[in-house]
Amino acid sequence: MSKQKKEKKSFLSLLVRNLVGNKNKNISILEEEQMQSPFRTVLKNFGHNKIAMTGLIVFLLIFAFVIIGPFFYHLDLSYSETSQINMAPGFKQMKMPSALNNNAAYISQGATFAVGVSNDGEVYVWGQPKISTTINMKKQIPENMGKVTMVAAGYDHALALNEDGEVFGWGNDRLKQSTIPHEVYAYGKVVQIAAGYQISAAVTEDGYVVFWGNESVNDVRVKKLQQGKIEKVAFTADAMIGLTYDGEVLYLGKQETAYKNVPETLASGVVDIAATASTCAGLLEDGTVVVWGNITKGENMVPETTGKITSLSAGRYHYSALTDAGEVVAWGADDLGQIDVPSSLSKKGITALYSGYYQNYAVTDEGKVYTWGLKGYLLGTDGLGRDIMTRLVNGGKMTMTIGAVSVIISTIIGIIVGGISGFFGGKIDMLLQRFTEIVSALPFLPFAMILSSIVGNSIPETQRIMLIMVVLGVLSWPGLSRLVRAQVLAEREKEFVTAARAMGVKKNMIIFKHIIPNVVSTIIVSATLDFATCMLTESTLSYLGFGVALPRPTWGNMLTGSNNSVIIQNYWWQWVFAAVILSICVICINCVGDGLRDAIDPKSNER
């Protein structure tokens with residue numbers, strides 16, 4: 001009796017050491033293997049599979065990327081910006097030439113490029129100067145311009161003015177916006193130039209304004225009474241204002257627009273003007289800034305300053321100003337960091353300020369340039385000016401969500417149908433298997449496309465996405481149900497099922513509580529592989545236009561541009577990144593599924 005107690009005590013001691021851990025004694029291999037659970041064995045086998053572990057790590061990184069990313073890359077479905085369309089990946093927008101950094105005399109920012117002139121009159125272009133396959137702003141700078149004193153960058157063209165009053169233009173000339181007309185020199189020496197959206201203007205020393213380019217889009221009509229009085233002009237996206245020598249702001253157009261109603265306070269005493277895409281601003285002698293027009297992005301929210309504002313500059317949707325104390329302030333839209341003025345500028349001795357679109361340049365008295373604003377886009381932009389990175393992150397979240405929900409639906413249906421069919425057999429099995437074959441016989445993609453096109457266009461977007469999830473889930477379960485049925489057929493003949501029946505356990509409890517847990521390994525592997533399949537199917541439907549509709553992004557509809565030869569040749573970034581990350585994600589999921597299958601099957605390591 002005492003010997004049995006000792007053996008029992010020895011067994012209990014061994015059990016405690018394996019469960020709690022024994023730091024003082026090394027457990028032998030045989031003892032460790034005897035106490036190792038099946039789950040632990042699966043993890044061990046999976047961890048030894050380098051390909052599966054690599055796939056799991058990469059997939060988890062992509063998963064974290066699409067889950068955490070939307071908190072930093074906010075998606076605005078209504079956003080589009082024509083000035084930023086088809087921009088290539090990179091951060092070159094404010095990467096100035098080194099020869100200009102300590103020698104800048106004048107800077108002007110265009111939509112995708114910038115033009116600057118040095119103190120010795122040399123012209124430089126940086127950013128993304130390739131406007132199209134045939135237009136490169138950097139390579140088409142006119143030669144023999146002399147000593148240039150001023151430059152002006154428009155949407156897709158640029159102007160230069162030399163010390164003799166000659167004007168030069170280059171860039172897009174489809175609407176003659178960069179071809180200098182002879183009328184420019186009919187009213188004396190040119191002292192100021194301006195470039196807007198497909199339009200250009202020049203102001204002479206006698207106060208005359210000459211404009212050329214697209215007059216149908218821009219409301220530009222200078223009256224005879226206004227000629228001979230203009231000192232400076234500024235363009236909005238579709239109009240022009242002028243400042244007279246008497247300090248009055250004039251609207252240089254004839255249509256009834258929001259810019260025409262110039263505030264009465266700007267009838268005199270104005271020292272500077274500027275204009276964004278949709279607003280205009282005038283600076284009074286006392287430093288007060290008056291803004292009017294289509295104010296939608298806080299363009300009228302002028303901040304308080306320690307000194308008096310002495311000059312104005314404007315970008316696409318923001319203003320910046322310089323005070324007599326050397327302080328730089330900015331206000332308006334800040335979606336791309338264009339009003340995030342560096343706090344250190346107040347001590348740099350800023351003497352000139354140049355703003356355009358989403359960039360800002362502050363020049364010191366020594367010619368050194370400080371910049372802030374949009375540097376570029378990591379993955380470029382699409383045909384509507386939307387950030388590819390933002391759409392890739394949010395599109396991945398949508399693709400993975402649809403794939404996950406579809407797999408959950410198909411797994412539930414497959415377990416129920418396969419479990420009942422395998423356990424009961426007979427007529428029930430016959431009926432369910434014939435139903436499974438009918439569903440399997442449906443042409444998957446054509447059926448999903450037809451159902452999506454018929455029902456999807458008549459329901460709201462959220463319900464359409466839910467419909468896609470349900471369709472994918474309802475049509476994807478036959479394969480899993482057959483696997484579950486085969487496993488249940490084998491498990492139902494084992495002793496534990498006979499024991500459960502003898503104890504009076506209900507049949508549904510035997511199926512879903514006793515048999516299904518024993519075949520869960522097969523279910524996990526199948527569900528993992530089906531997850532990748534559902535992601536590919538959703539991407540295919542969205543690519544063909546029958547899935548998630550634009551502008552909501554998914555990795556599938558982001559590939560739509562790949563069916564356009566122009567995009568394939570010139571704007572590869574609009575589809576390559578989505579294709580690469582989708583391919584990597586699917587491959588990683590398949591590697592994880594194969595690794596789980598090998599880890600769960602003990603015989604797989606012997607093959």
Side-chain angles (χ1 to χ4, degrees), residues 58-59 62-63 65-67 69-70 73 75-77 79-80 379-384 386-410 443-457 459-476 528-568 571-590:
V58 174
F59 171 74
I62 296 175
F63 181 77
F65 170 72
V66 301
I67 296 300
Y73 295 92
L75 178 65
D76 182 3
L77 296 178
Y79 177 82
S80 65
L379 303 181
T381 63
D382 63 7
L384 294 176
R386 300 172 297 192
D387 184 17
I388 296 293
M389 183 67 173
T390 301
R391 296 182 63 77
L392 191 71
V393 170
N394 291 273
K397 183 178 180 180
M398 177 59 64
T399 297
M400 285 194 177
T401 300
I402 293 176
V405 174
S406 301
V407 165
I408 292 173
I409 294 174
S410 65
F444 188 85
L445 277 177
F447 182 80
M449 292 166 58
I450 293 172
L451 185 62
S452 176
S453 61
I454 293 176
V455 182
N457 294 329
I459 58 178
E461 181 184 10
T462 303
Q463 296 181 13
R464 179 186 176 90
I465 295 173
M466 294 176 63
L467 174 66
I468 295 172
M469 297 177 183
V470 173
V471 169
L472 290 178
V474 168
L475 297 180
S476 303
T528 303
L529 298 175
D530 285 345
F531 180 36
T533 302
C534 286
M535 288 179 59
L536 283 175
T537 305
E538 180 280 324
S539 299
T540 302
L541 289 173
S542 298
Y543 170 78
L544 296 174
F546 296 94
V548 180
L550 294 170
R552 186 176 296 279
T554 69
W555 287 344
N557 60 31
M558 288 181 68
L559 297 172
T560 305
S562 62
N563 57 13
N564 188 322
S565 60
V566 175
I567 293 178
I568 291 176
Y571 312 120
W572 55 268
W573 58 87
Q574 295 186 17
W575 61 274
V576 164
F577 293 115
V580 169
I581 196 170
L582 176 61
S583 301
I584 292 175
C585 188
V586 171
I587 291 172
C588 289
I589 294 173
N590 286 331

Contact summary for [X] and [Y], nearest pair of heavy atoms:
X: Trp575; Y: Ile568; answer: NE1-CA, 3.7 Å
X: Lys397; Y: Pro70; answer: CD-CG, 3.9 Å
X: Thr554; Y: Met398; answer: CG2-CG, 3.4 Å
X: Met400; Y: Val66; answer: SD-CG2, 3.7 Å

Mind checking whether [X] and [Y] have side chains closer than 4.5 Å, heavy atoms only?
X: Leu550; Y: Ser542; result: no
X: Val586; Y: Trp555; result: no
X: Ile388; Y: Met558; result: yes

Using only atom types and a distance under 3.5 Å, with no angle test, would you say the side chain of [X] pairs donor to acceptor with the backbone of [Y]?
X: Arg391; Y: Leu75; answer: no
X: Arg552; Y: Asn394; answer: no
X: Ser476; Y: Gly473; answer: no
X: Thr560; Y: Asn557; answer: yes

Item to check | Listed partners of Thr528 passing side chain to side chain donor-acceptor pair (under 3.5 Å), at least two apart | outcome: none
Checklist entry - Of all residues at least two apart in sequence or in a different chain, which pass the side chain to side chain donor-acceptor pair (under 3.5 Å) check with Asp387? => result Thr390
Next on the checklist: Under 3.5 Å, is there a donor on one side chain and an acceptor on the other for Glu538 and Ser406?
Outcome noted: no
Within this structure, what is the [atom1]-[atom2] distance for the pair [X] and [Y], rounded to the nearest 0.5 Å?
X: Leu536; Y: Leu582; atom1: CG; atom2: CG; answer: 5.5 Å
X: Tyr571; Y: Asp382; atom1: OH; atom2: CG; answer: 12.0 Å
X: Tyr543; Y: Asn563; atom1: OH; atom2: CG; answer: 4.5 Å
X: Phe531; Y: Cys585; atom1: CZ; atom2: SG; answer: 6.0 Å
X: Ile589; Y: Ile584; atom1: CD1; atom2: CD1; answer: 12.0 Å
X: Cys534; Y: Ile409; atom1: SG; atom2: CD1; answer: 9.5 Å

Next on the checklist: Tell me whether the rings of Phe577 and Trp572 are parallel (<30°), tilted (30 to 60°) or perpendicular (>60°).
Outcome noted: tilted
Item to check | Within 6.0 angstrom of Phe63 CZ, more than 12 heavy atoms from elsewhere | outcome: no
Item to check | Derivation of the side-chain contact (heavy atoms from CB on, under 4.5 Å) call for Thr401 and Ile465 | outcome: CA-CA 10 Å; Thr401 300; Ile465 295 173; over 6 Å; no
